[in-house]
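Okay, structure first, notes after.
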Amino acid sequence: MKASAQSELFRKLPSVDDLLTQPAIQSLTTDHTHAFVVDAVRAVLSNLRQEIASGLLDDAGLDLALSGLPGAVESQLRQSMKYSLRSVINATGVILHTNLGRAPIADAAIDHIRDIAAGYSNLEFDLAAGARGKRDVHVERLFRQLLREAGAQDSETQVSTIVVNNNAAAVLLALNTFADGGEVIVSRGELVEIGGSFRIPDVMAKSGAILREVGTTNRTRISDYENAINDRTRILLRVHRSNFEITGFTEEASSSELASVAQKHGIPLMEDLGSGALIDLHSIGIAEAGVLDSLRAGVDIVTYSGDKLLGGSQAGLISGAVELIARMRQNSLFRALRVDKLTCAALEATLLAYVRQDHDAIPTLRMMRLSKEEIGERAEAIAKGPASAKLKAEIIDGESLLGGGAAPSSVLPTRLLALTSDRFSADELCTRLRNCQPPIIARVEEGRVMLDLRTVFPREDSTIVESLISISE
Ligand SMILES: *Cc1c(COP(=O)(O)O)cnc(C)c1O
């Protein structure tokens, strides 16, 4: 289209103010705020401008669009009144997918949240004494049970736990409490960045602690730590290499070696475990040390996330020696980083499932324990569905990932539903899946769309069948 014809079309577009005086659009302001309607009008006009600019509209097309403007504004308004935060089907096979909200929580946790959030509770009220209480007593008692075997019976070595907003906050609180103005010794191989811009050196700086790097990227010996200890040293820190591995010519000090050096010098040993598991995962083929392993090795303070391997809601947990935890509680940062009642409720219900050893009640643990055969059978059933007429479906071996910074090399064998179509590329199929209701998130590998049902709830299988029919049409 010629530039002059195009500018003719642009001239036909009404102004925002013109539109707002039209009765059909005016009436929309009875149900929505004025600002919301103005935004919708702007969005619709800007769409039209784009369509003109890209030559999609001729004169007749524009007239048609202009006559439908009130309707377009109304549907734009309806669109913006929908929730932006929505549930999706995770068919990526990544169990703790940070972009997809990490751990789905247990049914009991949802029930407990609903109950506690809908009314008043004894969040900080000691019912027996009729006096003010502490909000973390509700989960602390359960953590004490779950981590009990780590500490001896005498109170000095008992383990206690406090809860903050997330693990980043846990690390910040611990470092600030013990090392503000002092030095923290960390191996150069552990100065990590976790997704979402959590960088150990940055958090360290915010806490007021001074980073004292030791060793090299690939090798740090126990003597490196010991040589760096001086009278400004406040903490020996070890950080889990959550999303990468160092292989080849490597060496690192074990936690128990570090614990004995720390003890000898009277300095606490802290470990940022990231994905702290509360049960031994080796039996399901996951080589990931848990919270108990760290405590048993003599780590004084362990920090970990509530929504990673633990399988609860977002939280940061700090478990360790009673007197150290008590000092963190005194820090005014603790108040700033505290959790709300919804988190307390979710955690309490999740921990109770651990105490009952009802691991299948925790969705992420259930997903981890699914066998490749079970997953394969569900994939077969979906592949035999009506969509198979239009899509080519094959079941192949593959690997699911733990994600969330747990054992980067720990993979679980799975069966994948591999899809191809004569009409659409794999990327197009993936986009079409994302546009389904609810959106289905899959991955593309070697020109095929891969669905891993490990992370799909069985109740969602039928939705996948229906969505596959609709996207193949
Ligand atoms: C995930 C992770 C964090 C950040 O935890 P959040 O709960 O997301 O704040 C910090 N350190 C390590 C080692 C991690 O794996």
Side-chain angles (χ1 to χ4, degrees), residues 94-105 136 139 143 161-176 179 184 186-207 209 211 220 235-246 252 255 258 269-278 281 286-291 293-295 297 299 301-320 328 333-334 336-340 342-344 346-347 350 364 401-410:
V94 181
I95 298 176
L96 298 163
H97 200 304
T98 298
N99 299 156
L100 303 183
R102 289 202 187 146
I105 59 175
D136 45 4
V139 294
F143 273 115
T161 301
I162 50 173
V163 189
V164 288
N165 184 52
N166 54 22
N167 186 35
V171 174
L172 178 68
L173 177 64
L175 292 177
N176 178 262
V184 176
V186 191
S187 158
R188 288 196 170 89
E190 297 177 0
L191 292 174
V192 308
E193 169 173 331
I194 315 289
S197 63
F198 173 90
R199 289 175 152 203
I200 285 291
D202 296 349
V203 177
M204 185 94 64
K206 284 281 179 216
S207 75
L211 173 61
T220 304
I235 281 192
L236 299 191
L237 175 64
R238 128 166 285 213
V239 184
H240 190 266
R241 292 195 191 110
S242 285
N243 42 14
F244 68 106
E245 273 174 354
I246 293 180
E252 62 179 348
S255 291
L258 278 171
L269 170 62
M270 167 173 163
E271 180 166 22
D272 174 16
L273 204 51
S275 203
L278 286 183
L281 295 172
I286 297 167
E288 178 81 16
V291 181
D293 296 306
S294 297
L295 293 170
V299 177
I301 304 162
V302 188
T303 65
Y304 48 106
S305 296
D307 55 356
K308 290 187 180 172
L309 282 179
L310 195 151
S313 59
Q314 179 186 304
L317 292 322
I318 315 178
S319 298
M328 286 186 253
L333 255 189
F334 178 56
L337 303 173
R338 82 173 184 195
V339 290
D340 70 334
L342 279 58
T343 301
C344 293
L347 260 181
T350 306
T364 49
L401 284 174
L402 283 189
S409 65
S410 264

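As the structure lists them, so they are numbered: ligands from 1, and atoms in each ligand from 1. Please read these numbers as outputs of a predicted model, since none were measured by experiment. Hydrogens, waters and symmetry mates are skipped; everything else that's a heavy atom, side chains included, is used.
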Nitrogen or oxygen of [X] less than 3.5 angstrom from that of ligand 1:
X      : answer
Asn167 : yes
Asp307 : no
Ala168 : yes
Ser275 : no

Worksheet item: Can you list the atoms of ligand 1 that are under 4.0 Å from a heavy atom of Arg102?
Response: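 So the atoms of ligand 1 that pass are 6 (P), 7 (O), 8 (O).
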Fill in: Ser305 neighbourhood, listing ligand 1 atoms whose heavy-atom distance to it stays under 4.0 Å
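Near Ser305, the atoms of ligand 1 are 5 (O), 6 (P), 7 (O).
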Worksheet item: Is there a side-chain contact between Leu347 and Leu310, using heavy atoms and a 4.5 Å cut-off?
Response: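 In short, these two side chains touch, coming nearer than 4.5 Å.
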Discussion item. Measuring from non-hydrogen atoms of Arg241 to any atom of ligand 1, is the shortest distance under 4.0 Å?
Written reply: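 No, Arg241 has no heavy atom closer than 4.0 Å to ligand 1.
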Worksheet item: When rounded to the nearest 0.5 angstrom, what is the spacing between CG in Leu173 and CG in Asn167?
Response: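 Taking CG in Leu173 and CG in Asn167, the distance rounds to 11.5 Å.
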Worksheet item: Picking from Thr364, Ile95, Val94, what satisfies side chain to side chain contact (heavy atoms under 4.5 Å, CB included) with Leu402?
Response: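 Exactly one option meets the side chain to side chain contact (heavy atoms under 4.5 Å, CB included) with Leu402, and it is Ile95.
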Worksheet item: Taking the minimum heavy-atom distance to atom 14 (C) of ligand 1, which of Gln314, Lys308, His240 ranks first?
Response: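 When every heavy atom of Gln314, Lys308, His240 is considered, Lys308 comes closest to atom 14 (C) of ligand 1.
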Worksheet entry | Heavy-atom closest contact (Ser275 atom, Lys308 atom, distance) |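 The pair with the smallest heavy-atom distance is OG-CB, 3.2 Å.
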Discussion item. Does Arg199, at its CZ atom, have more than 12 non-hydrogen atoms belonging to other residues, nucleotides or ligands within less than 6.0 Å?
Written reply: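 For Arg199, atom CZ is not crowded (no more than 12 foreign heavy atoms under 6.0 Å).
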Worksheet item: Under the 3.5 angstrom rule, does the side chain of Arg102 hit a backbone N or O of Gln314 as a donor-acceptor pair?
Response: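 No, the answer is negative, given that no donor and acceptor are paired below the 3.5 Å cut-off.
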